[in-house]
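These notes concern the structure reproduced below.
On a predicted model such as this, the values are computed, not experimentally measured, just so you know.
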Amino acid sequence: MASQEVTKNLFSVSSAPIWHCGRTVRSTMLHSLLALLPAAIMAVYRYGYDAVEVIAWAGLTAVVTEFLMQKWMGQESTADDYSALFDGVVFAFLLPATAPVWMVVIGSAVTVILGRMVFGGFGGSPVCAPAIGWAVLTVSWPDFMDLNGMLLKWDLVEPLSELKYFGADAVSGISNTSLLLGSNLGALGASQVLLVALGGVYLLATRQLRWFIPVSFLVGVFLTGLVYNMIDPKLYAPPLFHLLSGGTMLAAFFLMPYPSSSPVWKLPMLLYGLFGGALLIIIRTYGIYPDGAVFAVLLINLCTPLIDLIQPKPFGGR
């Protein structure tokens, strides 16, 4: 009788979170790549051939790695759904434009192997795959991931580093317009704030993406940043600065809503986004890394199974 009670408590049945919308992975990935295209073009315009090289190697390595891993695992190739290419491009957007080729290849391979294939492939990972590749490179080769050190030939400043090491006064002269247009140093695609945001709006408009996670994430960033700024405006930057700097927009529209690592119910999605946005500000404030966007995504991904327990009862349930 006791064993039956334990089993009853451990296992429960609920309605499946299935969307009947007629969309395919391939069409979603094509729309997502199209949404990233303007930011990629602007990155090439700003950083030149270096940007082309990073994006090309990251995308190619992701596709080839997935193909080889699927062959080794006896799975049918899914290269034609463009999900690996999308992950490779998003990963490239997190890198400095002058990242060495060997590091891009390693990071992109890690994105696919550790971020996708060890969990069975696309749709099985509990964490955002491009974020895994970025985190491994950041911990392993921090000097090569340092934006200031890798982008010395551009006579610009990296806003979040200025804030981290010199305080809010150091970034008071950086206008919101320059942040919006990406006129400062930053990761390859993440710094193209306006175009990344427009890409996200395109995904929302075409219903490839639901608004709950992106909007709640940006609200979480704004509200948490506002609280800190109200506590001490001389020490903490205004919330709009955090919205327009670093990888905030890229995280909001492309990392946080990563399909397999984000909640599927409305209320959990809102909580997931709010807490993720709050984590970004907390990491930027107390962490050792200037931009906490990707680490915030990884941490909140780990909370998804718990957050997704908040769900409506199935029809007829008590």
What verdict does the side-chain contact (heavy atoms from CB on, under 4.5 Å) test give for Ile283 and Leu299, after you've listed the backbone C-alpha separation in whole Å, the side-chain angles of each residue and the deciding distance to 0.1 Å? CA-CA 11 Å; Ile283 294 173; Leu299 287 174; 3.9 Å; yes
Are any of the side-chain heavy atoms of Ile132 and Leu298 separated by less than 4.5 Å? yes
Ring centres under 6.0 angstrom apart (Trp102, Trp141): yes
Applying a strict under-4.5 Å side-chain criterion to I, L, V, M, F, W and Y, I'd like to know whether Leu279 and Leu306 cluster together. no
Aromatic plane relationship, Phe254 with Phe86 - under 30° parallel, 30 to 60° tilted, over 60° perpendicular: tilted
Joint cluster assignment, Val104 & Val44, ILVMFWY side-chain distance < 4.5 Å: no
Heavy atoms from other residues, nucleotides or ligands near CZ of Phe275 exceed 12 (cutoff 6.0 Å): no
Please check if the distance between the ring centroids of His242 and Phe222 is under 6.0 Å. no
Angle class for the Phe295/Tyr289 ring planes (parallel below 30°, perpendicular above 60°, tilted otherwise)? tilted
For a quick check under 3.5 Å, do Tyr82 and Asp87 share a side-chain donor-acceptor pair by atom type? no
Which pair of non-hydrogen atoms, one from Leu255 and one from Pro130, has the smallest distance, and what is that distance? CD2-CB, 4.5 Å
As a quick check of understanding, evaluate side-chain contact (heavy atoms from CB on, under 4.5 Å) for Leu37 and Leu33, giving each step before the final call. CA-CA 6 Å; Leu37 182 60; Leu33 288 168; over 6 Å; no
Has the side chain of Ser216 got a donor or acceptor atom that lies under 3.5 Å from a matching backbone atom of Phe212? yes
Pair Asp291, Arg284 - check salt bridge (Lys or Arg N to Asp or Glu O under 4.0 Å), show working. CA-CA 6 Å; Asp291 190 358; Arg284 284 183 180 180; 2.9 Å; yes
Taking Ile174's backbone N and O only, do any of them form a donor-acceptor pair with Ser178's side chain (distance below 3.5 Å, no angle check)? no
Would you say the side chain of Tyr202 lies within less than 4.5 Å of the side chain of Thr206, judging by non-hydrogen atoms? yes
Sub-3.5 Å donor-acceptor pair from the side chain of Arg210 to the main-chain atoms of Val264, do we have one? yes
Phe241 side chain near Leu160 side chain, heavy-atom distance below 4.5 Å: yes
Out of curiosity, Leu203 CG to His31 NE2, how far, rounded to the nearest 0.5 Å? 8.5 Å
Determine whether Leu179 and Ser175 satisfy the following criterion, side-chain contact (heavy atoms from CB on, under 4.5 Å), listing intermediate values before the conclusion. CA-CA 7 Å; Leu179 291 172; Ser175 69; over 6 Å; no
Is the backbone of Pro159 close enough, under 3.5 Å, to the side chain of Ser245 for a donor and an acceptor to pair up by distance? no
Can you see which heavy atom on Ala168 is nearest to which on Ala237, and at what distance? CB-N, 4.1 Å
I'd like to know if the side chain of Ser27 and the backbone of Thr24 have a donor-acceptor N/O pair within less than 3.5 Å. yes
When you group the ILVMFWY residues by side-chain heavy-atom contacts below 4.5 Å and let the links chain together, are Leu151 and Phe166 in the same group? no
Okay, side chain of Thr224, backbone of Ile281: is any donor-acceptor separation there less than 3.5 Å? no
Whether Thr304 side chain and Ser261 backbone form a donor-acceptor pair below 3.5 Å: yes
Taking it one step at a time, do Val157 and Leu185 satisfy side-chain contact (heavy atoms from CB on, under 4.5 Å)? CA-CA 6 Å; Val157 299; Leu185 292 184; 6.0 Å; no
Any side-chain heavy-atom pair of Phe93 and Val89 under 4.5 Å: yes
Please say whether more than 12 non-hydrogen atoms of neighbouring residues, nucleotides or ligands are located less than 6.0 Å from CZ in Phe144. no
Does the pair Arg26/Asp80 count as a salt bridge with the N-to-O cut at 4.0 Å? no
Working to the nearest 0.5 angstrom, can you tell me the gap between Glu53 CD and Leu188 CG? 11.5 Å
Heavy-atom nearest pair, Thr285 first then Lys164, reads O-NZ, 3.7 Å
Evaluate the side-chain proximity of Leu95 to Leu137: yes if any heavy-atom separation is below 4.5 Å, no if none is. yes
Kindly give the heavy-atom pair with the smallest separation between Pro290 and Ser161, and that separation in Å. CG-OG, 3.8 Å
For the hydrophobic clusters of this structure (ILVMFWY residues joined by side-chain heavy atoms under 4.5 Å, transitively), does one cluster hold both Tyr286 and Val297? yes
Which atom names give the shortest non-hydrogen contact between Met249 and Val193, and what distance separates them? CG-CG1, 3.6 Å
Tell me the closest heavy-atom pair linking Asp308 and Pro268, and the distance in Å. OD1-CB, 3.7 Å
Distance from Ile213 atom CD1 to Tyr258 atom OH, nearest 0.5 Å? 13.5 Å
Student check: side-chain heavy atoms of Leu226 and Met230 closer than 4.5 Å: yes
Please round to the nearest 0.5 Å and tell me the distance separating atom OG of Ser77 and atom CE of Met69. 13.0 Å
Using only atom types and a distance under 3.5 Å, with no angle test, would you say the side chain of Asp50 pairs donor to acceptor with the backbone of Thr98? no
Under a plain distance cut-off of 3.5 Å, with no hydrogens placed, do Thr78 and Gln70 share a side-chain donor-acceptor pair? yes
Answer yes if the side chains of Ser191 and Arg46 hold a donor-acceptor pair under 3.5 Å, and no otherwise. no
OG1-CG distance between Thr177 and Leu244, expressed to the nearest 0.5 angstrom: 9.0 Å
Spacing of CE belonging to Met103 relative to CE belonging to Met150, to within rounding of 0.5 Å: 6.0 Å
If hydrophobic clusters are built by linking Ile, Leu, Val, Met, Phe, Trp and Tyr wherever their side-chain heavy atoms come under 4.5 Å apart, do Val52 and Val101 end up in the same one? no
Between Tyr272 and Met256, is there a donor-acceptor pair closer than 3.5 Å when you use the side chain of the first and the backbone of the second? yes
Using side-chain heavy atoms (C-beta onward) and a distance below 4.5 Å, is Pro38 in contact with Leu198? no
Given 3.5 Å as the limit, does a donor-acceptor pair link the side chain of Asn184 with the main chain of Glu158, or not? no
With side chains defined as the heavy atoms from C-beta onward, is the minimum distance between Trp134 and Met145 less than 4.5 Å? yes
